[in-house]
Amino acid sequence: MITAPTSVAAATAAVPQKPDAASASRRIAFTTPLTYATRLAQRIELRGWAPYHCPTIMVGPTPRTDSALEAYLLPPCPLLHFCAIAFTSRNGIAAVAQTLRPDFHPLPPSGEVFIVSALGNDGELLDDAFLSKLCPNPSRLKVLVPPVATPAGLVRSLGPGSGRRILCPVPLVVDLEEPPVVPDFLNGLAQNGWDPVRVPAYETSWAGPKCAEALLELSGILDAVVFTSTAEVEGLLKSLRELGCEWGKVRERWPEVIVATHGPVTATGAERLGVDVDVVSRRFGSFEGVVEALESRWTERK
């Protein structure tokens, strides 16, 4: 259940709305795209807090990303020449799952072991239904989920590439500066001996010049703001500039509001953009980590 200001009602139409958050002990705004909103909102509500979804970016497939994936996953299927596929987000997995056809397997039943990798709870999407679309022989596939849910952790878990090719379905960033996360991931793979091939699986784009209005409307009632990616931070700052405002002025209006990030990668990106971070989730395999971090912060203050 998510409470959203009317100015973003259209953007959150697919997310259940909470009619009354007056009894909530804390009020948490978050800027994730719609694809992640319900998962984070549920974690917030389990603490008895009120979630406010104020998206600053949009994520999803487009005709050009569909075409890019089809070129690798449908006949004549270059995936035959790869040894692994590495997902850095749930959106990448969902885009590939949507592209795969029930009447065609990109990988034949025989051949060397093929690695399918993902981060943290995203690994839940690599289930039998998904894997069976890739290859009719499940014993040919090895699912890899690193113990540290970061792109760098994934590089370490994949080990030496020995010149093998690995397909990387990653976002195409539109109207925003691409954060260094994906380029650093691809460089890390290359330095570890892999031959990474980047394919745009979906687009990450700015939610528009007025997307910060929803957050500004919550002035005076918020306890925390949560960012789950650097792109969300940039989207917010870009909108604030369009509205003639700056982050520094917002912080002056919110002296007690906690700024939290889902993991150190997002924290580093936010601070690089000039956004001060108060709380960083250290258990970032799922959104539970950032909620726990907020709860610990408030417990310490008592």
Side-chain angles (χ1 to χ4, degrees), residues 14 32-40 42 59-151 153-155 157-159 164-172 182 185-186 189 194 196-204 228-229 284-288:
T32 67
L34 186 58
T35 49
Y36 291 111
T38 298
R39 291 174 55 231
L40 180 51
Q42 289 171 344
V59 169
T62 65
R64 61 177 162 180
T65 59
D66 289 345
S67 297
L69 277 179
E70 289 170 0
Y72 286 94
L73 300 175
L74 302 183
C77 198
L79 194 62
L80 291 168
H81 307 295
F82 289 78
C83 294
I85 185 168
F87 294 107
T88 57
S89 72
R90 298 176 74 89
N91 292 301
I93 301 173
V96 168
Q98 182 176 324
T99 303
L100 292 172
R101 292 193 333 211
D103 60 340
F104 176 77
H105 296 95
L107 299 172
S110 60
E112 66 177 273
V113 171
F114 186 91
I115 300 171
V116 186
S117 56
L119 298 175
N121 280 4
D122 295 356
E124 298 171 351
L125 299 182
L126 304 181
D127 55 15
D128 291 342
F130 177 85
L131 297 176
S132 65
K133 290 182 179 181
L134 275 177
C135 180
N137 177 16
S139 64
R140 190 188 167 189
L141 303 177
K142 175 185 177 181
V143 174
L144 176 66
V145 179
V148 179
T150 64
L154 181 51
V155 171
S157 293
L158 284 165
R164 292 174 293 172
R165 301 186 83 193
I166 181 169
L167 189 67
C168 303
V170 295
L172 175 65
V182 169
F185 173 61
L186 298 175
L189 288 172
W194 289 92
V197 176
R198 174 176 186 156
V199 56
Y202 59 95
E203 289 190 4
T204 296
T228 65
S229 73
F284 38 87
S286 76
F287 288 142
E288 180 64 19

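All residue numbers in this chain count up from 1 along the given sequence. Computed from a predicted structure; not experimentally measured.
Separation of atoms CZ (R140) and CD1 (I115) is listed at 11.5 Å; rounding is to 0.5 Å. Put simply, CD1 on I85 and CD1 on I166 are 8.5 Å apart, with the number rounded to the nearest 0.5 Å. Considering CD of E112 and NZ of K142, their distance stands at 12.0 Å, rounded to 0.5 Å. Remark: Y72 OH to L79 CG distance equals 10.0 Å, nearest 0.5 Å. If you take OG on S229 and OH on Y36, they are separated by 9.0 Å, rounding to the nearest 0.5 Å. Interatomic distance, SG of C168 versus CZ of F185, reported as 5.0 Å (0.5 Å rounding).
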(message) If you apply the rule side-chain contact (heavy atoms from CB on, under 4.5 Å), what do you find for L125 with F130, and how did you get there?
(response) CA-CA 7 Å; L125 299 182; F130 177 85; over 6 Å; no

(message) Determine whether T62 and Y202 satisfy the following criterion, side-chain contact (heavy atoms from CB on, under 4.5 Å), listing intermediate values before the conclusion.
(response) CA-CA 6 Å; T62 65; Y202 59 95; over 6 Å; no

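Shown here are the salt bridge (charged side-chain N to carboxylate O under 4.0 Å, His left out) partners of E203, two or more places apart in sequence or in another chain: R64. For R164, the salt bridge (charged side-chain N to carboxylate O under 4.0 Å, His left out) criterion is met by no residue, not counting sequence neighbours. With sequence neighbours left out, the side chain to side chain contact (heavy atoms under 4.5 Å, CB included) criterion links P76 to no other residue.
Counting only distance, with no hydrogens or angles, the side chain of T65 and the backbone of P61 share no donor-acceptor pair below 3.5 Å. Judged purely by atom type and a 3.5 angstrom limit, W194 uses its side chain to pair as donor or acceptor with the backbone of G159. In this structure, the side chain of D122 engages the main chain of R90 through a donor-acceptor pair within 3.5 Å.
When all heavy atoms of A118 and L126 are compared, the closest pair comes out as CB-CD1, 3.7 Å. Minimum interatomic distance between N137 and P109 (heavy atoms only, all atoms of both residues): ND2-O, 2.9 Å. Closest non-hydrogen pair, C135 versus P108, comes out as SG-O, 3.3 Å. Nearest heavy-atom pair across C77 and F104 is CB-CZ, 3.8 Å. Nearest approach of P169 to V96, heavy atoms of both residues: CG-CG2, 4.1 Å. Here the closest heavy-atom approach between residue T150 and residue L119 is recorded as O-CD2, 3.3 Å.
Contact annotation: the side chain of P171 never approaches that of N91 to less than 4.5 Å [non-hydrogen atoms, C-beta and beyond]. Inter-residue side-chain proximity for L167 and P196 is flagged as unmet; no heavy-atom pair is nearer than 4.5 Å. Looking only at side-chain heavy atoms (C-beta outward), H105 and K133 stay at 4.5 Å or farther from each other. Between S117 and F87 the shortest side-chain heavy-atom distance does not fall below 4.5 Å. Looking at heavy atoms from C-beta onward, L172 lies out of side-chain contact with T204 at the 4.5 angstrom threshold. Taking the side chain as every heavy atom from C-beta outward, V143 and L131 approach each other to under 4.5 Å. The side-chain heavy atoms of V197 and F82, taken from C-beta on, include a pair separated by under 4.5 Å. Side-chain atoms of V170 and V199, non-hydrogen and from C-beta on, never get closer than 4.5 Å to each other.
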